[in-house]
There are 2 protein chains.
Amino acid sequence: MRRDVFQAIADPTRRAIIMLLAVGALTPNAIAENFDSSRQAVSKHLRILTECEILTQEQKGREIHYHLNAGKMKDLEKWLEQFKQLMAKRFDQLDTVLEQLKSKGK
Amino acid sequence: MRRDVFQAIADPTRRAIIMLLAVGALTPNAIAENFDSSRQAVSKHLRILTECEILTQEQKGREIHYHLNAGKMKDLEKWLEQFKQLMAKRFDQLDTVLEQLKSKGK
DNA sequence: TATGTTTGCAACCGATTGGTTTCGTAAATG
DNA sequence: CATTTACGAAACCAATCGGTTGCAAACATA
């Protein structure tokens, strides 16, 4: 089973959960209140996100507080950065071509 | 059918294709050479990426050149930025709490 | 015109997804 | 001690995914 940040944020509900928990830790019930789907459905998403290590659990009596592990989002950030660098390099090459054309035009 | 950047980059092969095309446009055959899976499997990924408008097609005789539409990646960038802002705000609040504790300690 | 190449598309397949309902358990509450 | 509450886990389901093989069409080439 693939369990990474990319697969985690593919689902819109999970993205919303991440945003919710970015503000502060919440219990499954509190999270589920923000969605149309059942508590169990949300619970499944929480399980997936926990397996991805995007969330951590903190047991408090019979309640479980889900905390966001912001560090795990770095994987996504890194990939996006790598992509942007590749694109920047491409534009640099384009610039070189354009300059060569300009100097030839002289 | 959900067709957005998030779902597009969930698959590792598609992420690799995006990186490949970030360097320059390629034909399906040229792309498929970089992977173990069949040309048809790659073609399916290309279809999905095109439907997401991450790729554009340029017909050249019997060949099709797939170009990257870097602009579409902004959706991902925006979401990540929004997330990071939320986290930053949270840390600001934490700072406030810490400062209040400090001034009380005086 | 016959042949080979490049490509998309449809049919099929097992695995995975995201949801549901049901149940068990542990903690709080009366 | 009985009841309610919070939660995870399991069983089930239709839909989707990512792969395959086998076409057909369009273009290039001999």
Side-chain angles (χ1 to χ4, degrees), chain A residues 1-21 24-69 72 76 79, chain B residues 1-21 24-69 72 76 79:
Chain A
M1 225 171 296
R2 215 185 330 124
R3 281 287 117 103
D4 55 38
V5 189
F6 301 98
Q7 189 252 350
I9 65 163
D11 184 82
T13 305
R14 284 199 290 270
R15 283 201 300 278
I17 290 175
I18 289 174
M19 286 304 195
L20 258 179
L21 298 185
L26 287 174
T27 64
N29 269 326
I31 296 167
E33 278 173 11
N34 295 276
F35 300 97
D36 292 331
S37 44
S38 70
R39 179 190 62 79
Q40 282 88 342
V42 170
S43 207
K44 268 196 173 186
H45 286 303
L46 292 175
R47 197 161 98 80
I48 290 170
L49 289 167
T50 307
E51 281 172 7
C52 294
E53 295 179 294
I54 292 175
L55 302 186
T56 59
Q57 301 175 318
E58 182 201 5
Q59 192 92 34
K60 273 193 176 179
R62 69 180 162 187
E63 290 184 346
I64 297 176
H65 292 255
Y66 281 88
H67 293 262
L68 189 69
N69 173 21
K72 266 290 160 180
L76 174 63
W79 183 81
Chain B
M1 225 172 297
R2 214 185 331 125
R3 280 287 119 101
D4 54 39
V5 188
F6 301 98
Q7 189 252 351
I9 65 163
D11 183 80
T13 305
R14 285 199 289 269
R15 283 200 299 279
I17 290 175
I18 288 173
M19 286 303 192
L20 260 178
L21 297 185
L26 288 174
T27 64
N29 269 328
I31 296 167
E33 277 171 14
N34 295 276
F35 300 96
D36 292 332
S37 47
S38 70
R39 180 190 62 78
Q40 282 88 341
V42 171
S43 208
K44 268 197 174 184
H45 287 303
L46 293 175
R47 198 160 97 80
I48 290 169
L49 288 167
T50 307
E51 282 171 6
C52 295
E53 295 179 297
I54 292 176
L55 302 186
T56 58
Q57 302 176 317
E58 182 202 3
Q59 192 91 34
K60 274 195 175 177
R62 70 182 158 184
E63 289 183 348
I64 296 176
H65 292 254
Y66 280 88
H67 294 262
L68 188 71
N69 174 20
K72 265 290 158 180
L76 174 62
W79 183 81

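Naming: A, B, ... by sequence-line order, numbering from 1 per chain. Note that this is a predicted model, so its numbers are computed, not measured.
Distances from the side chain of B:Ser38 to the nucleotides D:dG18, C:dT7, D:dT21 place D:dT21 closest. For A:Lys44, the listed nucleotide lying nearest its side chain is D:dC12; candidates were C:dG8, D:dG8, D:dC12. Closest contact between the side chain of B:Ile64 and the listed nucleotides D:dC7, C:dT7, C:dT20 involves C:dT7. The side chain of A:Asp11 has C:dG18 as its nearest neighbour among C:dG8, C:dG18, D:dC17. Relative to the side chain of A:Ala41, the nucleotides C:dG19, D:dG8, D:dC7 differ in distance, and C:dG19 lies closest.
Distances shorter than 4.0 Å separate none of the side-chain N or O atoms of B:Ser43 from OP1 or OP2 on C:dT7. Side-chain nitrogen and oxygen atoms of A:Tyr66 include none within less than 4.0 Å of the OP1 or OP2 phosphate oxygen of D:dC7. For B:Thr27 and C:dT7, the shortest distance from a side-chain N or O to OP1 or OP2 is below 4.0 Å. Between D:dC17 and B:Arg3, a contact under 4.0 Å exists linking OP1 or OP2 to a side-chain N or O. Between A:Arg14 and C:dG18, a side-chain N or O to OP1/OP2 separation shorter than 4.0 Å is present.
Under a 3.5 Å cut-off, the side chain of A:Arg39 and the backbone N or O of A:Ala32 do not form any donor-acceptor pair. In terms of modelled atom types and a separation under 3.5 Å, the side chain of B:Arg14 and the main chain of B:Ile9 share no donor-acceptor contact. Without hydrogens or angle criteria, A:Asn69 side chain to A:Thr56 main chain gives no donor-acceptor distance under 3.5 Å. With hydrogens and angles disregarded, no donor-acceptor distance shorter than 3.5 Å links the side chain of A:Gln40 to the backbone of A:Val42.
The interatomic distance linking B:Phe6 (CZ) with C:dG18 (P) rounds to 15 Å, in whole Å. The CZ atom of A:Arg2 sits 11 Å away from the C1' atom of C:dT17 (whole-angstrom rounding). The nearest whole Å value for the distance from the CD atom in B:Gln59 to the P atom in C:dT5 is 19 Å. Atom pair A:Gln40:CD and D:dC7:P shows a separation of 11 Å (rounding to whole Å applied). Spacing between atom NE2 of A:His45 and atom P of D:dG8 amounts to 14 Å, rounded to whole angstrom units. C:dT6 atom P lies 14 Å from atom CD1 of B:Ile31, rounded to whole Å. In this entry the distance linking NZ of B:Lys60 with P of D:dA26 reads 22 Å, nearest Å. Between the CG atom of B:Asn29 and the P atom of D:dA28 there is a distance of 15 Å, rounded to whole Å.
No contact: A:Phe35 has no heavy atom under 4.0 Å from any strand.
Judged by distance alone, with hydrogens and angles left aside, A:Arg62 brings a side-chain donor or acceptor within reach of the base of C:dA27, the pair sitting under 3.5 Å. Between the side chain of A:Arg39 and the base of D:dG8, a donor-acceptor pair under 3.5 Å is found.
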Going through the distances and angles, do B:Tyr66 and B:Ile17 end up as a side chain to side chain contact (heavy atoms under 4.5 Å, CB included)? CA-CA 10 Å; B:Tyr66 280 88; B:Ile17 290 175; over 6 Å; no
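Residue order along DNA chain C, read from the 5' end via each residue's closest nucleotide, puts A:Val42 first among A:Gly61 and A:Val42.
With respect to B:Ile54, the side chain to side chain contact (heavy atoms under 4.5 Å, CB included) criterion is satisfied by exactly one of B:Leu76, B:Leu46, B:Leu21, B:Ile18: B:Ile18.
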